[in-house]
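The structure appears right after this line, and notes come after that.
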Amino acid sequence: MEQQTIRDRMADRIQHMLRHAIIRDRRFLDDEQLIRAEQLALLEEVFNASVRDAEIQELSSHFAGILRGDHPCHLAIWGKTGTGKTLTLSYFLNLLTEFAKPKGVQVRHEHLDLSTPQPCFRALNNLACLFKASKRHKKGISLEELMVNIETTLADVSGYLVIFVDEVDNVRRDRDTFLKFLVRRLPQKISVKLILVFVSNRLNWPDQLDPRVKSFLKLNELVFKPYDAVDLKHILDIRVLKALHPNTVEPGVVERIAALASHDHGDARKAVALLAKSAYLAEKAGTRITPSIVDEAMDELHCDRYMALLRTAPVQLKAAMAGAIDASRRAKGRVVGTGEAYDAYAKFCQRAVLQPLSGRAFGDLLAELDVHSFIRSKVVSHGRRGRTREITLDVPDDLADRIHEMICMDFDLRG
DNA sequence: TGTCCACAGGAAATACGGGGGT
DNA sequence: ACCCCCGTATTTCCTGTGGACA
């Protein structure tokens, strides 16, 4: 039997991949790679399928007044991640500006993106940059000066100004200063009619506000519900059309993805990620996308999620996880108590040359692992033999192995 | 029925680190 | 450059608790 050369094998593989290509344009499977205009175009198609109708209606009635010269109040929007808050708002505000123009109404909108946590200073600085009122400063300029800059730049603007503050709760320090400026001070200094739109994914953010700001802040509220399966199907259908070659998706696949995604989060981005992973797996296997491949992709995404979460976690949390895994391995199916887990953790710390935390702090680490469902723990009393949390690993064994291996690598240990 | 285990988990004290003001 | 202040992480201290066991 004659030996295939490496060239032959490589050529074969490439041929195979070409023949079974599934993905036509990878960019449409990852929003990060699309420019804003493309995202909005995509969104328009989704909206045309009457997704997010209720929200658009609400927005329209809220802002309708400006076409008559009214001054609508501010708006607070809540919704979990991946419910399309940012994109919907951007799209809506663009459209609004367009509608207003022929009526002679000047509407200007700016998107202040606070998707990464930042102190008041940086938030104000970014805002100033939006209006070209200031350069990007590292420091050395007082908050007051930034505020004045913004005010003077906006002083002779007329018409309406909508400031879309994305993820407000990310303003770490002096949130009150920041909001007080936007809500109370700025409107008094400028003639343009200011409408603030706050977006947040936490429902209770106004509760932790300075009461003086809060009482001053007249808000209209709007909630973005998670997408349901029907919405998700529309969204996915469009992606399939744009990103994949025709006839590579078996019937029922999109429905399956939509069902899975709506069932456990209703996050459109994750749904698209699931489609992407499925396409990738199918391409590798050289088949069309089948429902069973979707399930497989789901599992892999789950694993990826756990791994990613832990990879970026603080060292102590990693050590606690390693300890929990060690302990439950040693216990061989028997449930593990807190003390036992702590011993394993302390031992791990010793090997990893890491100062172990106190038992109290370890308890908190366990609680955190529980929240992310790496482990499951419940408090049980054994009468005179005390009370303890019974700890079970909440991840499959093979994933636990991978996690353990990763953590050991992190600490430069062997398994 | 009371005891007492082995922790849970809240509150306050303390250590730490980094940015900001001067 | 230096110090101070503030937010966060961790420790210390403490009280609470369900139920097996005597």
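Just so it is clear: chains get the letters A, B, ... in the order the sequence lines come, proteins before strands, and each one is counted from 1. Note that the coordinates shown come from a computational prediction; the quantities given were computed from them, not determined experimentally.
Taking the six-membered ring for Trp and the full ring otherwise, A:Tyr342 and A:Tyr345 have centroids separated by under 6.0 Å.
Rounding to whole angstrom units, CG of residue A:Asp370 and P of B:dA8 are separated by 12 Å. Between A:Asp343 atom CG and B:dA6 atom C1' there is a gap of 13 Å when expressed in whole angstrom units. The separation between A:Leu366 atom CG and B:dG9 atom P is 10 Å, rounded to whole Å. As rounded to whole Å, 14 Å separates atom P of B:dA6 from atom CZ of A:Arg387.
For the pair A:Leu194 and A:Pro187, the tightest heavy-atom approach, listed with the atom from each and the gap, is CD2-CG, 4.0 Å. Nearest heavy atom pair, residue A:Ala279 against residue A:Ile289, reads CA-CD1, 3.7 Å.
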Give me, pair by pair, the N or O atoms of the protein and of nucleotides 10-14 of chain C that are less than 3.5 Å apart, along with how far apart they are.
from	atom 1	to	atom 2	distance (Å)
C:dT11	OP1	A:Ser358	N	3.4
C:dT11	OP2	A:Ser358	N	3.0
C:dT11	OP2	A:Ser358	OG	3.0

Where do N or O atoms of nucleotides 19-22 of chain C meet protein N or O atoms at under 3.5 Å, pair by pair?
from	atom 1	to	atom 2	distance (Å)
C:dG19	O4'	A:Ser381	OG	3.4
C:dG19	N2	A:Gly383	O	3.3

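Under the 4.0 Å criterion applied to side-chain N and carboxylate O atoms, A:Arg360 and A:Asp364 are assigned as salt-bridge partners. A salt bridge is absent between A:Lys277 and A:Glu296: the closest approach of a Lys/Arg side-chain nitrogen to an acidic carboxylate oxygen does not fall below 4.0 angstrom. Between A:Glu405 and A:Arg402, no side-chain nitrogen of the basic residue sits less than 4.0 Å from a carboxylate oxygen of the acidic one, so the salt-bridge criterion is not met.
Using a distance-only test at 3.5 Å, with no hydrogens or angles considered, a donor-acceptor pair links the side chain of A:Asp30 to the main chain of A:Glu32.
Put simply, CD on A:Glu44 and CG on A:Leu95 are 7.0 Å apart, with the number rounded to the nearest 0.5 Å.
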